[in-house]
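A quick write-up on the structure given underneath.
A note on names: the letters A, B, ... follow the listed sequences, proteins ahead of strands, and every chain is numbered from 1.
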Protein chains: 2
Amino acid sequence: MQIGQLGRALGVPVETIRYYEREGLLPRAERSTSNYRVYGEAHADRLRFIVNCRALDMTLDEVRSLLDYHDAPSKDCTRVNELLDEHIAQVATRIAELHRLEGQLQRLRKACRRGKASGHCGILRSLRQRPAAPK
Amino acid sequence: MQIGQLGRALGVPVETIRYYEREGLLPRAERSTSNYRVYGEAHADRLRFIVNCRALDMTLDEVRSLLDYHDAPSKDCTRVNELLDEHIAQVATRIAELHRLEGQLQRLRKACRRGKASGHCGILRSLRQRPAAPK
DNA sequence: TGGACACCCTGAAGTGGCTTCAGGGTCAAG
DNA sequence: CTTGACCCTGAAGCCACTTCAGGGTGTCCA
């Protein structure tokens with residue numbers, strides 16, 4: 001299998017696959033006589049692992065850690081559980097932040113109706129103001 | 001007022017202020033005899049505008065657009081309203097994504113209890129699998 | 001007078017996770 | 001024998017900063 005096929009199979013741009021190889025997430029692929037990368041099922045499995053992690057918004061460093069366990073099946077997996085817990089906590093935190101933001105934006109949005117002169121736009125006026133001290 | 005004071009007043013690192021100047025978001029500051037940047041209230045107002053926008057997670061390009069209206073008080077502000085609507089929609093989309101992610105992560109988390117050998121860890125096993133076709 | 005220390009300056013490089021670009025080689029079909 | 005799809009490399013670009021290296025300035029205290 002060459003790189004384009006692998007990419008299409010897993011929905012990953014070929015540049016990204018090459019990037020993962022440079023970063024050491026994927027082992028260097030063997031090469032055909034014409035210097036094309038050649039992949040087998042093992043590569044596809046590993047790439048799928050990475051892609052799944054990325055779909056869950058993990059950083060490449062987190063993926064690297066998880067791959068270490070993937071590669072050492074006899075190692076205790078406690079750290080894997082912890083890593084996931086931390087990641088879930090991060091996502092929850094970000095959701096909370098974005099909810100707060102959404103509220104602020106909606107309040108800001110109500111400060112104006114379209115069609116005014118910018119000098120009297122309530123949105124722009126609010127953006128100029130000192131932020132209200134959050135109680 | 002010099003750059004450190006301005007930064008402390010608005011809670012912005014001095015490097016960020018210099019960066020905004022380089023990017024053209026802030027006008028070039030006048031200089032003291034010792035080549036230190038000198039700021040007045042107008043600068044502080046403009047920087048506060050930028051900081052408020054960034055706190056709402058707007059990109060610097062969005063901020064640039066809004067500053068155009070800030071600088072042209074007679075211009076119609078319809079586009080300001082639209083810009084905000086678009087930004088709110090983006091935030092809402094991201095929240096929805098993260099919620100979906102959170103659910104997936106929690107399901108994944110249940111696949112294992114800590115203390116197993118990685119080879120039998122349900123989390124790692126799930127990460128190796130082909131993603132279920134979303135209905 | 002001198003030295004410690006906080007502040008300021010510049011330009012360049014690093015961050016993450018790719019993406020894009022420039023400039024080329026390979027290979028099968030028509 | 002040319003067209004087009006594919007592959008290769010190394011470097012630069014993206015965003016919004018942050019960090020670093022290497023230096024100047026200004027004030028306080030001894």
Side-chain angles (χ1 to χ4, degrees), chain A residues 1-40 43 46-67 86-87 90-91 94 97-98 101, chain B residues 1-40 43 46-67 87 90-91 94 97 101:
Chain A
M1 189 168 30
Q2 55 187 42
I3 198 167
Q5 283 172 276
L6 178 59
R8 274 190 301 278
L10 302 196
V12 185
V14 300
E15 297 84 359
T16 301
I17 299 176
R18 286 196 283 246
Y19 171 73
Y20 288 161
E21 182 180 315
R22 269 202 309 287
E23 287 297 300
L25 293 161
L26 290 174
R28 288 203 209 151
E30 286 172 41
R31 301 303 181 102
S32 71
T33 48
S34 49
N35 198 31
Y36 289 6
R37 288 174 179 80
V38 178
Y39 296 99
H43 294 93
R46 196 179 179 83
L47 180 55
R48 192 165 39 241
F49 186 98
I50 299 170
V51 167
N52 286 341
C53 290
R54 290 293 299 140
L56 295 170
D57 231 24
M58 295 178 190
T59 65
L60 293 190
D61 267 352
E62 289 173 316
V63 178
R64 249 178 282 265
S65 298
L66 291 180
L67 280 171
E86 287 160 25
H87 186 64
Q90 281 168 32
V91 170
R94 184 68 184 144
E97 270 176 30
L98 286 179
L101 222 63
Chain B
M1 187 162 41
Q2 55 188 40
I3 198 167
Q5 283 173 276
L6 178 59
R8 276 190 300 279
L10 302 195
V12 185
V14 301
E15 296 83 1
T16 301
I17 300 176
R18 286 196 280 249
Y19 171 73
Y20 287 161
E21 182 180 315
R22 270 202 308 287
E23 287 296 298
L25 293 161
L26 290 174
R28 288 203 210 152
E30 288 172 41
R31 300 301 181 105
S32 71
T33 47
S34 48
N35 199 33
Y36 288 5
R37 289 174 179 80
V38 178
Y39 296 99
H43 294 94
R46 198 180 178 85
L47 181 53
R48 191 163 42 239
F49 187 98
I50 299 170
V51 167
N52 286 341
C53 291
R54 290 294 296 139
L56 295 170
D57 232 24
M58 295 179 189
T59 65
L60 292 189
D61 266 352
E62 288 174 317
V63 177
R64 250 179 280 267
S65 297
L66 291 179
L67 280 170
H87 186 63
Q90 281 167 31
V91 170
R94 184 67 184 144
E97 270 176 28
L101 224 60

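- Heavy atoms only, all atoms of each residue included: B:Glu62 and B:Thr59 are closest at OE1-N, 2.8 Å.
- Residues of residues 46-58 of chain B that place a heavy atom closer than 4.0 Å to DNA chain C do not occur.
- For B:Met1 and C:dC7, the CE to C1' distance is 16 Å, given to the nearest whole Å.
- Considering only residues two or more places apart in sequence or on other chains, B:Arg48 meets the side chain to side chain donor-acceptor pair (under 3.5 Å) condition with B:Asp45.
- A 4.0 Å heavy-atom criterion places the boundary nucleotides of DNA chain D facing chain B at D:dA16 to D:dG26, written 5' to 3'.
- Residues that satisfy the side-chain contact (heavy atoms from CB on, under 4.5 Å) test with B:Ser34, not counting sequence neighbours, are B:Ser32, B:Tyr36.
- Not counting sequence neighbours, the partners of B:Tyr39 by the ring pair (Phe, Tyr, Trp, His ring centres under 6.0 Å) test are B:His43.
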For this session: With side-chain contact (heavy atoms from CB on, under 4.5 Å) as the test, would you mind laying out the steps for A:Arg31 and A:Arg37 before giving the verdict?
Result: CA-CA 5 Å; A:Arg31 301 303 181 102; A:Arg37 288 174 179 80; 3.3 Å; yes

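- Sorted by residue number, the members of residues 14-31 of chain A with any non-hydrogen atom under 4.0 Å from DNA chain D read A:Arg18, A:Arg31.
- Take A:Asp57 and apply the side-chain contact (heavy atoms from CB on, under 4.5 Å) test, not counting sequence neighbours, and it matches A:His87, B:Arg94, B:Leu98, B:Leu101.
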For this session: For each nucleotide in nucleotides 24-30 of chain C, reading 5' to 3', give B when a protein heavy atom comes within less than 4.0 Å of its base, S when such contact involves only the sugar-phosphate, and - otherwise.
Result: -BBS---

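- With sequence neighbours excluded, the residues that form a side-chain contact (heavy atoms from CB on, under 4.5 Å) with B:Arg28 are B:Glu21.
- Applying the salt bridge (Lys or Arg N to Asp or Glu O under 4.0 Å) criterion to B:Arg46, with sequence neighbours excluded, gives B:Asp71.
- Applying the side-chain contact (heavy atoms from CB on, under 4.5 Å) rule to B:Glu30 yields no partners; only residues at least two apart in sequence or on another chain are considered.
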Problem set entry | side-chain contact (heavy atoms from CB on, under 4.5 Å) evaluation trace for A:Arg64 with A:Asp61 | CA-CA 5 Å; A:Arg64 249 178 282 265; A:Asp61 267 352; 3.2 Å; yes

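- Within the model, atoms OG1 of A:Thr16 and CD1 of A:Ile50 stand 11.0 Å from one another, a figure rounded to the nearest 0.5 Å.
- Residues satisfying the ring pair (Phe, Tyr, Trp, His ring centres under 6.0 Å) criterion with B:Tyr20, sequence neighbours excluded, are absent altogether.
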